[in-house]
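This report concerns only the one structure given below.
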Amino acid sequence: MPNTPPIEYKRLGQTLARRIKPLIEFLAKKIAMSVVTRFAPSPTGFLHIGGARTALFNWLYARRHNGKFLLRIEDTDRERSTDEAIEAILKGMEWMGLDWDGDPVFQFSRRDRHKEIAEELLAAGKAYKCYASKEELEEMRAKAREEKRAPGYDGRWRDRDPSEAPEGVDPVIRFKSPNEGATVIHDAVQGDVTIKNEQLDDFIILRADGTPTYMLSVIVDDHDMGVTDIIRGDDHLTNAARQIQVYEALGWTAPRMCHIPLIHGPDGAKLSKRHGALGVEAYKDMGYLPEAMRNYLLRLGWSHGDDEIISTEQAIEWFNLENIGKSAARFDFDKLENLNGIYIREADDKYLSDLVLPVLAEKTGQDLGADEAALIEKAMYGLKERAKSVISLAESARFLVAPRPLEMDEKAKKLLSEDAVMLLQKLADRLDDLAEWNAETVEAVVRETAEAEDLKLGKIAQPLRAALTGTTVSPGIFDVLGVLGREESIGRIRDTAE
RNA sequence: GUCCCCUUCGUCUAGUGGUUAGGACGCCAGAUUUUCAUUCUGGAAACAGGGGUUCGACUCCCCUAGGGGAUGCCA
């Protein structure tokens, strides 16, 4: 054997590690990519705040893991599903900035597949036809309550011979739920929740008219869509037990469950249409920014230590299921408003003025064009510092587009005493002499005037503010002069003398 | 009724056996300021109650109370 150099094992190991690293990273990414979440609203109303948060959590979780976020419209209840609701939900999702992967799945369009599974269950003896009437069902419930048993269907057709079926009655198909033992939900938020099977009755999976119920279609669709993680409201927790039983009967693996606590109204009661259960569009109309909304909703039930201001990018990086709280939270407008103010102050001027323009046009009834838009954008710097919502932003931008002579509110009128008006005229003359008009040059003149008259700045600034804005509240008065420009400013000041 | 879940300042929450129980919103006081807002400083404010376990419980267990959810041919 020739002189082979000794093998350098250490180096070999390092080389190997280097070679393998990308493979491991690739695999890790592949595993992470396999996360599929979904938001599955029923189109019986708008996208309310609880649904929006559920959607947000699903979206965040999917984005966090480079997975997919799917949207499924659960429209199997033909009576109550409406196109308007579908429209509202889609619009709401878009406004919230929650984009879904692929096309929305309409559950009803998959009814044949659902029926197929129901029949499969039936053929396998894991489901059966039930001919019980509404009245019978009603009796069963009453009796169960009386006997202090778990309510529900008593299984009277479970083992009955189909030949006993009554004439002319279309049967429903019920799932043959195990009577013995218990079903355990391994929930990412709630922990292991055990429900005794005797609590769970044989529920309907296919209606008498042959259409599937939610209990069936949700399972089939989640399975077929490859959903790996179900994040949904707490109100589905008991359903989860039933669904796990069906997964088992079908020989399918149930997705990971994560039941998040519900959001309550400010009074601690369930969110209802009476108080707080508004569509997200209503929040838009109230002047909240979607980014503030996302931050607020995220923080409602999820935490990352003491962090409060969490951008969406940061949220995607941080979001997890472990830090979701277990108790229900109340909706607090004050906090949302505070957050909104913070996001407004940080927002881009153009972005804000685009939002403000239509609101202002609506408020004033004026036609606002490019000139006004430019004016608002120019003033936004000072405006956004004081605003809590797009609405208040528009309100405070009102003076910019108000026609001369300005309408004065009560406090402003009071400020414009005879002396003050005289003073303002002097100021107008001085301002008119200005060679260059901007916030700085104008400030110098106003301060000089105050000094010459032996007045504190406030004594001249407040009447000036009244003259210029018609109110007592505005951005810095020099900024106002600067933005309004020479002609408009002086015009408004001179108007007070009339 | 039955089953399941929850319980830290008014509200959202941090806290995983030893902390002066922290932060945020709101509230109060003060500072800054041409108004308002912002900003800054300070303050009041909580472990639902009762039993255990432990040298030691906000943290673990049990009970009670309160709250919520489910109990549909709704989802």
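Chain letters run A, B, ... following the sequence lines, proteins first and then strands; every chain starts at 1.
- With a 4.5 Å cut-off on side-chain heavy atoms, Asn239(A) and Phe203(A) do not count as touching.
- For RNA chain B, no neighbouring residue in residues 215-225 of chain A is found when judged by any heavy atom under 4.0 Å.
- Considering only the side chain of Val193(A), rC5(B) comes nearest among rU34(B), rC12(B), rC5(B).
- Residues forming a side chain to side chain donor-acceptor pair (under 3.5 Å) with Arg398(A) (at least two apart in sequence, or on another chain): Glu395(A).
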When every nucleotide of nucleotides 23-29 of chain B is labelled 5' to 3' by its protein contacts under 4.0 Å (heavy atoms), B for base, S for sugar-phosphate only, - for none, what sequence of letters results? BBSS---
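- Residue pairs that meet the side chain to side chain donor-acceptor pair (under 3.5 Å) test with at least one member in residues 130-141 of chain A, sequence neighbours left out, are Ser133(A)-Glu135(A), Ser133(A)-Glu136(A), Glu136(A)-Arg156(A).
- Using a 4.0 Å heavy-atom criterion, one finds that His304(A) contacts no nucleic acid atom at all.
- Residue contacts for Thr76(A): at a heavy-atom cut-off of 4.0 Å it reaches the sugar-phosphate backbone alone, with no base atom in range.
- Pair assignment for rU7(B): rA65(B), on the basis of Watson-Crick or G-U wobble contacts that are both within less than 3.5 Å.
- Proximity of residues 178-185 of chain A to RNA chain B (heavy atom under 4.0 angstrom from any strand atom) is not detected for any residue.
- For rC6(B), the OP1/OP2 oxygens have a side-chain nitrogen or oxygen of Lys326(A) closer than 4.0 Å.
- Rounded to the nearest Å, the gap between the P atom of rA45(B) and that of rC40(B) is 24 Å.
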Listed pairs under 3.5 Å, donor-acceptor, residues 471-479 of chain A side chains, sequence neighbours left out:
{"from": "Thr471(A)", "atom 1": "OG1", "to": "Thr469(A)", "atom 2": "OG1", "distance (Å)": "3.1"}
{"from": "Thr471(A)", "atom 1": "OG1", "to": "Val473(A)", "atom 2": "N", "distance (Å)": "3.3"}
{"from": "Thr471(A)", "atom 1": "OG1", "to": "Val473(A)", "atom 2": "O", "distance (Å)": "2.9"}
{"from": "Ser474(A)", "atom 1": "OG", "to": "Arg465(A)", "atom 2": "NH1", "distance (Å)": "2.8"}

